[in-house]
Amino acid sequence: MPSDLYATQTSLITVHRVSLPGRTGKTALIVATKTYASLPYTEPDHLVRDFASRGIIALPPESLGIPEEIHQRIYTLEKQAYLARESVTPGGIPEVLEVINAPGVVDACNRIVGRNWAIVPFTHNASFASGARDQHWHKDDNGPYNGRKQRHHQAVQIEMLYYPQDVTEVMGPTATVPYSHYWTYNHEENHDNFAGADHLDFEYQISGMEGVPVSGPDSEYDWEDVVHRRTAHDIRMREAVVNTGWPLVKPLEAAPLRAGSVLLYSHNTFHRGNHRRDDWRLWDDHPRFMWRFWIYRTTEPDSDDRDENGEIAWHEIGVDPLTGVDLRDANNDTTVVWRYHNHWMRTGRTPPPRSEARALPPAGREAEAGELAEQMDVMGDEAEPLRIGAAYRLASIGNDALAVKHLGTALYSHRESVRRAATYGLIAVGKQATETFVEATKSPVKWVRKAGAYGLGDCAPLTDEVMAAVTSLLDHDPSVYVRAVAAGTLGCLGRRAAGTGVGQSLVPRCFEALVRSLEREENRLSMDLAQQRSIKFVRPTDACDVCEGNGVDMGLERFDPVRSAVRENALWSMVILCSHGAGLAGDALDATIDALAEVVRSDRNVICVGFAMDALNRLANLETGGPETGGANTGGSSAASLDRLRADLLDILGESPIRCWEALVRGGLSTEYLSTFTEAG
């Protein structure tokens, strides 16, 4: 075994059924223990590199920096609740909150998604037990609950999976598709992907295969076929990945893992829940639990010299120890995407032009740009990497004006797949694409306006012109989808202004625009309930042209099963902005505190309440006024307002019958306050 891998030995329990001599029809279970090597964990120096390329990393339990007996306590408490059919929440098992803020977890997430990262509240931040069925391959979204949100290529949204017990290969380990996170499918006018989760094989959902048990007492498959992955379900899952035609992709089951292991992966990574392959009568005695937390960026990347500086020779890495994929097979259309994101995560900036592009004479550069523009126009879902790769190669061609000309033309394509590639390419160009995106916000085509608003959030400096373009969409655009993207963009613009100092004086106007939006936008009955169909099959309506997701009321009278993409994105942005301290809000601070407190007090949408709680909590608890947190200095009336908020925070949180402890503890609230509240439900 290579010395640079974190691989240790653990045990695999296997179960064999044998006939009992002289007892016709009677069988017994023979349990055997086998020693095996864990899945290779990620080297600390390769966290950013590996996340940029494969989109998934694995942290060993000893790297977390917390006592390993915590995992057994979590597992024991969770198993008790599971067997008693009781709800499992982070507040009910507070040891999980120690995992969230474990030094090793915080350090790894800091390097991937920035300091003071936040957790989406009241979503699927609870345990998942594997069982008899297979999910289809899909992507999650930080909507949350199947809401449609922009898929940032930049490391803005990631997922954290935590396993409190050993996960063996037969316990239904999480199935993933590494190297899939930069490629996707159309969704704007593709109703199969209207909801937040995109699919590799939507027919699997339509045909009802997801509801058919693969293993367990109700399975109709031969046991040997289940064990050896020969069922129709297994075959269909493998073929769905192969049929994409995308480079390097193949399924990876995240096992074996030791108790306390953590996976971090891009929220764009295709994955699925997986069935168990051991004897179902052991499942209650040996349940496999997984906790999932949706994490998002609130600060710009910091330069980190622990990672490789300069260019990475991707092909020289050879075989990836985690996946077994040979990176010598990666083509230039793939590695150019990795190159950008590896550099951006380490610096927050666009990398320099490619060396081969710098060597081109002007005529040669013009010719290559024309060829890449043609490549962006190739057709078919399997050509997604070609289109995206061409866009990133244009962005790094060494002539920004030339790149923007071709990418800007493609932005107005009637084909979503081309617009998508052009949008990512323009973002990779950087601030030089600002004017193109501003102009796009004025288009009569809502999909182009949406791309313009989104692109400004991921690359533009905060200027008066940019602010006017985004707030105009937020205030007046007839499309709910466009308004929702504009609301999210204000958080990204403010985040970058706080990190770079460029446009920081305009951030109070971001707060003001978001407060106006909260005063104006309304929640709606969730589409699955309004249309009386699965969220996977809902369709746009006259009232709303974006999937806002499932409605959840948490079983409490205080809440309704309602959603609002605009309100939720506005509050997502509020959390981002509030992570930089009260001083950043300027004259908008009091109005912001009042608006957020009112959401906590009266909003019927539990997701909105959770975001508002976290934003207020971050204002109160993350402010230092110094460079360590990037907070702006606070003085005068702002200091007085902040003091009042700190004095009133617990009372404000008490206005809701439940609290999003995973988000609040991550945002600086001490776990000692858990005992202050009695959680409903």
Side-chain angles (χ1 to χ4, degrees), residues 136-143 146-153 157 177 179-206 240-241 243-247 249 266-271 333 337 373-392 407 409-427 440 443-455 458 479-482 484-485 488 527 534-541 544-549 565:
H136 50 87
W137 292 113
H138 65 283
K139 297 188 176 195
D140 287 333
D141 219 320
N142 281 26
N146 294 305
R148 169 61 60 182
K149 195 172 176 67
Q150 290 302 118
R151 294 204 175 278
H152 302 265
H153 272 188
Q157 300 175 152
V177 185
Y179 303 104
S180 67
H181 55 304
Y182 297 121
W183 328 130
T184 193
Y185 296 100
N186 292 346
H187 78 271
E188 291 170 351
E189 296 176 355
N190 175 0
H191 287 183
D192 286 354
N193 282 334
F194 178 65
D198 299 335
H199 306 84
L200 284 187
D201 180 6
F202 196 64
E203 176 60 26
Y204 179 86
Q205 180 84 22
I206 295 174
V241 176
N243 291 342
T244 64
W246 298 338
V249 297
S266 166
H267 84 297
N268 291 326
T269 300
F270 280 102
H271 65 283
D333 290 318
V337 183
E374 291 181 4
Q375 183 174 318
M376 285 181 60
D377 207 40
V378 296
M379 301 184 72
D381 289 335
E382 71 281 357
E384 171 85 349
L386 292 175
R387 292 186 293 266
I388 298 291
Y392 276 86
L407 292 165
T409 298
L411 188 65
Y412 290 83
S413 171
H414 72 283
R415 289 170 50 203
E416 179 186 345
S417 61
V418 178
R419 291 196 305 271
R420 179 169 59 250
T423 302
Y424 290 129
L426 286 165
I427 289 168
S443 170
V445 179
K446 71 174 179 179
W447 304 124
V448 177
R449 296 198 304 276
K450 184 203 79 171
Y454 166 58
D458 273 18
S479 165
V480 175
Y481 199 168
V482 174
V485 172
M527 285 181 164
S534 162
I535 193 67
K536 306 299 183 184
F537 299 103
V538 297
R539 298 294 182 255
T541 67
C544 185
D545 59 344
V546 62
C547 182
E548 295 179 304

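In what follows, every heavy atom counts, from backbone to side chain, and hydrogens, waters and symmetry copies are set aside.
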Kindly determine whether T244 and L200 satisfy side-chain contact (heavy atoms from CB on, under 4.5 Å), including the steps that lead there.
CA-CA 8 Å; T244 64; L200 284 187; 3.6 Å; yes
Flag for N268-H153: side-chain donor and acceptor within less than 3.5 Å:
no
Rounded to the nearest 0.5 Å, the CG atom of D333 sits from the CG atom of L386 at a distance of 5.5 Å
_Is it the case that the side chains of E548 and N146 hold a donor-acceptor pair, with the cut-off being a distance below 3.5 Å and no angle test?_
no
What one should report as the nearest heavy-atom pair of A440 and Y412 is CA-OH, 3.5 Å
- prompt: Going by an N to O cut-off under 4.0 Å, is there a salt bridge joining K446 and E188?
  reply: no
Those residues at least two apart in sequence (or on a different chain) that pass side-chain contact (heavy atoms from CB on, under 4.5 Å) with T409 are none
Sorted by chain and number, sequence neighbours left out, side-chain contact (heavy atoms from CB on, under 4.5 Å) with A373 holds for H406
For Y424, the side chain to side chain donor-acceptor pair (under 3.5 Å) test, sequence neighbours excluded, returns none
Can you confirm whether V445 sits close enough to H414 that some side-chain heavy atom of one is under 4.5 Å from a side-chain heavy atom of the other? no
Residues S180 and V177: closest non-hydrogen pair is OG-O, 2.5 Å
Looking only at heavy atoms, the pair that brings N190 and N186 closest together is ND2-O, 3.2 Å
Sequence neighbours excluded, the answer for side-chain contact (heavy atoms from CB on, under 4.5 Å) partners of D381 is Y185
dist I206:CD1 -> S534:OG (nearest 0.5 Å) comes out at 10.5 Å
Heavy-atom closest pair (V546 atom, A565 atom, distance to 0.1 Å) is CG1-CB, 4.0 Å
Contacts of H267 meeting side chain to side chain donor-acceptor pair (under 3.5 Å) (sequence neighbours excluded), chain-then-number -> Q157
Residue set satisfying salt bridge (Lys or Arg N to Asp or Glu O under 4.0 Å) with R420, at least two apart, ordered chain then number -> E384, E416
Check your understanding: Do W447 and Y481 pass the side-chain contact (heavy atoms from CB on, under 4.5 Å) test, and can you show the C-alpha distance, the side-chain angles, and the key distance before you say yes or no?
Key -> CA-CA 9 Å; W447 304 124; Y481 199 168; 3.6 Å; yes
Output for pair (H271 NE2, S266 OG), nearest 0.5 Å, gives 10.5 Å
| message | Can you classify the ring geometry of H152 versus Y454 as parallel (below 30°), tilted (30 to 60°) or perpendicular (above 60°)? | response | perpendicular
D201 meets the side chain to side chain donor-acceptor pair (under 3.5 Å) criterion, sequence neighbours left out, with R236
Residues passing the salt bridge (Lys or Arg N to Asp or Glu O under 4.0 Å) test with K149, sequence neighbours excluded, are none
Sorted by chain and residue number, the ring pair (Phe, Tyr, Trp, His ring centres under 6.0 Å) partners of H199 (sequence neighbours excluded) come out as H136, F202
In terms of heavy-atom contacts, V337 and Y392 come closest through CG2-CD1, 3.7 Å
Would you say that C547 contacts V538 through its side chain, given a criterion of any heavy-atom pair below 4.5 Å between the two side chains? yes
Practice task
For the residue pair K450 and S479, establish whether any side-chain heavy-atom pair is separated by less than 4.5 Å.
Solution key: no
By side chain to side chain donor-acceptor pair (under 3.5 Å), D192 pairs with (sequence neighbours left out) none
With sequence neighbours left out, the residues meeting salt bridge (Lys or Arg N to Asp or Glu O under 4.0 Å) with D198 are R148, R151
Exercise for review: Indicate yes or no for a side-chain donor-acceptor contact from R387 to the backbone of Q375 under 3.5 Å, with no hydrogens or angles considered.
Suggested key: no
Please examine the side chains of D458 and Q150, heavy atoms only from C-beta on, and report whether any two atoms are closer than 4.5 Å.
no
Within the 4.5 Å heavy-atom criterion, are P540 and F194 side-chain neighbours or not? yes
Taken in chain and number order and not counting sequence neighbours, the residues that satisfy side-chain contact (heavy atoms from CB on, under 4.5 Å) with D377 are R415, V418
| query | What about H138 and F270, are their ring centers closer than 6.0 Å? | reply | no
Closest heavy-atom pair, A451 versus L411, reported as atoms and distance to 0.1 Å, is CB-CD1, 3.9 Å
